[in-house]
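To start, the structure under review is shown below, and the notes come after it.
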Amino acid sequence: MDIKQVIGSIVETIIKVAAVFFLISFVYDTAIKAYDFGYRVFAEEAMTTGEGRIISVYVEPDDSVMDIGKMLEEKGLIRDANLFFVQELLSENHGKINPGIYDLSTSMKSDEMLAIMAAEPVETEENNKSKGDNQASSGEEGAEDTEEEGTEGDASEDGEEAGGDGENGEAGGDTEGAGGNE
């Protein structure tokens, strides 16, 4: 055997061993990171323990979940926007985040923040109730207006009888006058 062939085979073996070592190291590191990420999806702790700081955030109507996650990460409410994206994707509140202003705490977990942002705003419900009350009362007024118009209409048709009602004296009087001219 030639010395060049021996040195070439030794170098080739060293390169193969190094490639296998780097491949095993890459797979191991990736598996550890994937396990850690997967664990944190379901068991992520809050940023702080205890009371925490209250931070107001504004969610715009056209914000994506990733945009919201980046905003929460910038404000110090969560550790990882990508993790928040996956948590929202797997949560019962998927696709239910409403635009608005929310007061969130650094002591909240991501799922608690998602529940708050997915809940119907309290102010909107109160406004809808008051609007419903206004519509109901305006509907009652409309019914009263209709009854009055109906009474006036009856008075104009029955001229003499309407004048005797006393409620619509003017309508009855006008009708009697018109009836007297005939």
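This structure is a prediction, so every number in the text was calculated from the model and none was measured.
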**Prompt:** Residues two or more places apart in sequence or in another chain: which of them pass side-chain contact (heavy atoms from CB on, under 4.5 Å) with Ile32?
**Reply:** Tyr28
**Item:** side-chain contact (heavy atoms from CB on, under 4.5 Å) partners of Ile54, counting only residues at least two apart
**Value:** Asp103, Ser105
**Prompt:** From Tyr102 OH over to Leu77 CG, what is the distance, rounded to the nearest 0.5 angstrom?
**Reply:** 14.0 Å
**With sequence neighbours excluded, residues passing side-chain contact (heavy atoms from CB on, under 4.5 Å) with Arg40** = Asp36, Glu44, Arg79, Asp80, Leu83
**Request:** Using the salt bridge (charged side-chain N to carboxylate O under 4.0 Å, His left out) rule, collect all pairs that involve residues 53-72, keeping only residues at least two apart or in two chains.
**Result:** none
**Prompt:** Can you check whether Glu88's main-chain N or O pairs, donor with acceptor, with Asn93's side chain at less than 3.5 Å?
**Reply:** no
**Item:** Residues which pass side-chain contact (heavy atoms from CB on, under 4.5 Å) with Ser9, listed by chain and number, not counting sequence neighbours
**Value:** none
**Asked** Other than Leu89, what residues sit in its cluster of Ile, Leu, Val, Met, Phe, Trp and Tyr side chains whose heavy atoms are under 4.5 Å apart, directly or through others?
**Response** none
**Prompt:** Where is the tightest heavy-atom contact between Glu51 and Ser107, given as atom of each residue plus distance?
**Reply:** O-OG, 3.0 Å
**Item:** Pairwise side-chain contact, Ile55 with Thr106, heavy-atom cut-off 4.5 Å (strictly under)
**Value:** yes
**Rounded distance (nearest 0.5 Å) linking atom CD1 of Ile7 with atom CG of Asp2** = 9.0 Å
**Message:** Quick test of your reading: applying salt bridge (charged side-chain N to carboxylate O under 4.0 Å, His left out), list the pairs with at least one residue in residues 3-27, sequence neighbours left out, ordered by first then second residue.
**Reply:** Glu12-Lys16
**Prompt:** Sequence neighbours excluded, which residues qualify as side-chain hydrogen bond (donor to acceptor under 3.5 Å, both in side chains) partners of Ser91?
**Reply:** none
**Prompt:** Hey, is the main chain of Val41 close enough, under 3.5 Å, to the side chain of Gln87 for a donor-acceptor pair?
**Reply:** yes
**Prompt:** Rounded to the nearest 0.5 Å, how far apart are CD of Glu92 and CG of Asp111?
**Reply:** 9.0 Å
